[in-house]
Number of protein chains: 2
Amino acid sequence: MLEGKYLAAIYADPNHRSCPIEQTFRIVGKKWTVLVLRELFFGANRFGRIKTGVGSINPKVLSNRLKDLEDAGMIKRDVTPGRPVQIEYTLTEKGTNILPFLFSAAKYSMGNCPEVVFKDGKSYTAEEILRKMSS
Amino acid sequence: MLEGKYLAAIYADPNHRSCPIEQTFRIVGKKWTVLVLRELFFGANRFGRIKTGVGSINPKVLSNRLKDLEDAGMIKRDVTPGRPVQIEYTLTEKGTNILPFLFSAAKYSMGNCPEVVFKDGKSYTAEEILRKMSS
DNA sequence: CAGCATCCGAATAGATACTG
DNA sequence: CAGTATCTATTCGGATGCTG
């Protein structure tokens with residue numbers, strides 16, 4: 001387990017200020033947030049599309065999450081004047097950079113909770129998943 | 001962004017049952033959970049050590065989180081009889097497997113929120129971080 | 001369509017004190 | 001040491017209805 005060694009080293013570094021794991025979860029750890037990001041990666045950039053994509057999220061909550069993400073600099077909200085005005089949400093670079101983290105989350109449950117994630121209930125390693133998807 | 005393509009493919013797969021990102025966050029997305037796991041990776045395996053390591057967590061909350069993790073099969077609780085009885089928490093394989101995910105979380109904020117994570121406020125890529133730590 | 005306003009309820013977390 | 005027991009405080013999310 002290579003990462004364990006490096007994880008410990010992070011905190012031993014004199015340049016270390018605060019826990020980077022904690023920081024990431026401060027930004028994307030709230031309920032619904034990662035699902036909103038997932039939808040943005042899927043290409044949904046309108047309020048309604050995000051809403052239906054996420055599922056049963058309440059409009060108030062979605063509105064709050066979008067504000068959170070905008071405040072965090074992960075998405076941009078663009079208004080195109082007209083009737084009606086058109087609002088579009090797009091990922092910034094900081095937002096786009098979260099993708100490997102989301103992918104890592106997906107990999108974990110695909111390998112370790114296959115019974116809830118896959119119909120066949122079989123677990124797949126990252127390599128198998130990637131190979132499977134390329135075909 | 002390689003992962004984006006694969007992320008979309010996951011949901012298109014006819015073998016797909018439920019969102020793997022959502023599933024991972026169901027397990028480790030609650031407040032404090034990842035910090036408890038972090039402490040376990042650091043070698044803390046007693047209630048008290050985990051508690052002080054995590055910081056200001058309430059014993060009731062820590063107790064709940066440990067139960068959550070045990071129910072999820074990520075940790076094991078071992079009791080050694082004696083006076084007083086000794087309780088030890090250890091990561092199972094399923095628990096150990098979460099490390100790349102935690103590492104991925106750390107990488108994100110080290111690269112994208114350096115001002116809160118590092119004293120020098122500079123961002124580091126994964127490669128720089130790894131190189132820096134090896135030296 | 002893209003939200004906001006209001007009200008309500010549930011779920012959590014925090015504080016504190018206590019126990020085998 | 002490793003929790004449990006209360007009690008309180010607060011946050012958060014859900015439901016519903018409304019608006020430019």
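Per chain, numbering begins at 1; letters A, B, ... match sequence-line order.
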Whether each nucleotide of nucleotides 7-20 of chain C has a protein heavy atom under 4.0 Å at its base (B), only at its sugar-phosphate (S) or at neither (-) is summarised, 5' to 3', as B-----BBB-----
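Straight-line distance from the CZ atom of A:R83 to the P atom of D:dG20: 12 Å, rounded to whole Å. Atom pair A:D68:CG and C:dG3:C1' shows a separation of 16 Å (rounding to whole Å applied). The distance between atom NZ of B:K51 and atom C1' of D:dG3, rounded to the nearest whole Å, is 11 Å. The distance from atom CZ of B:R49 to atom C1' of D:dC1 is 14 Å, rounded to the nearest whole Å. Straight-line distance from the OH atom of A:Y89 to the P atom of C:dA2: 8 Å, rounded to whole Å. Rounded to whole Å, atom P of C:dA2 lies 15 Å from atom NZ of A:K67. A straight line from CD1 of B:I50 to C1' of D:dA2 spans 11 Å, rounded to a whole angstrom. Put simply, CZ on A:F47 is 18 Å from P on D:dG20, counting in whole angstrom units.
Closest heavy-atom contact between B:F42 and A:A8: CE2-CA, 3.8 Å. Between B:V28 and A:F25, the shortest heavy-atom distance links the atoms O-CE2, 4.4 Å.
Panel note: side chain A:K122, backbone A:P114; no donor-acceptor pair is recorded below 3.5 Å. B:R65 contributes no side-chain N or O that, together with a main-chain N or O of B:V36, makes up a donor-acceptor pair within less than 3.5 Å. Side-chain atoms of B:R46 come within 3.5 Å of backbone atoms of B:I87 as a donor-acceptor pair (strictly under, hydrogens ignored). Remark: the backbone N or O of A:T92 is paired with a side-chain donor or acceptor of A:T96 at under 3.5 angstrom.
Inter-residue side-chain proximity for B:V79 and B:Q86 is flagged as unmet; no heavy-atom pair is nearer than 4.5 Å.
Between A:S63 and C:dA2, a side-chain N or O to OP1/OP2 separation shorter than 4.0 Å is absent. Phosphate proximity of D:dC1 to B:R46: absent, as no side-chain N or O sits under 4.0 Å from OP1 or OP2.
Among the heavy atoms of the strands lying under 4.0 Å from A:R77 are primed sugar atoms or P, OP1, OP2 only; no base atom is included.
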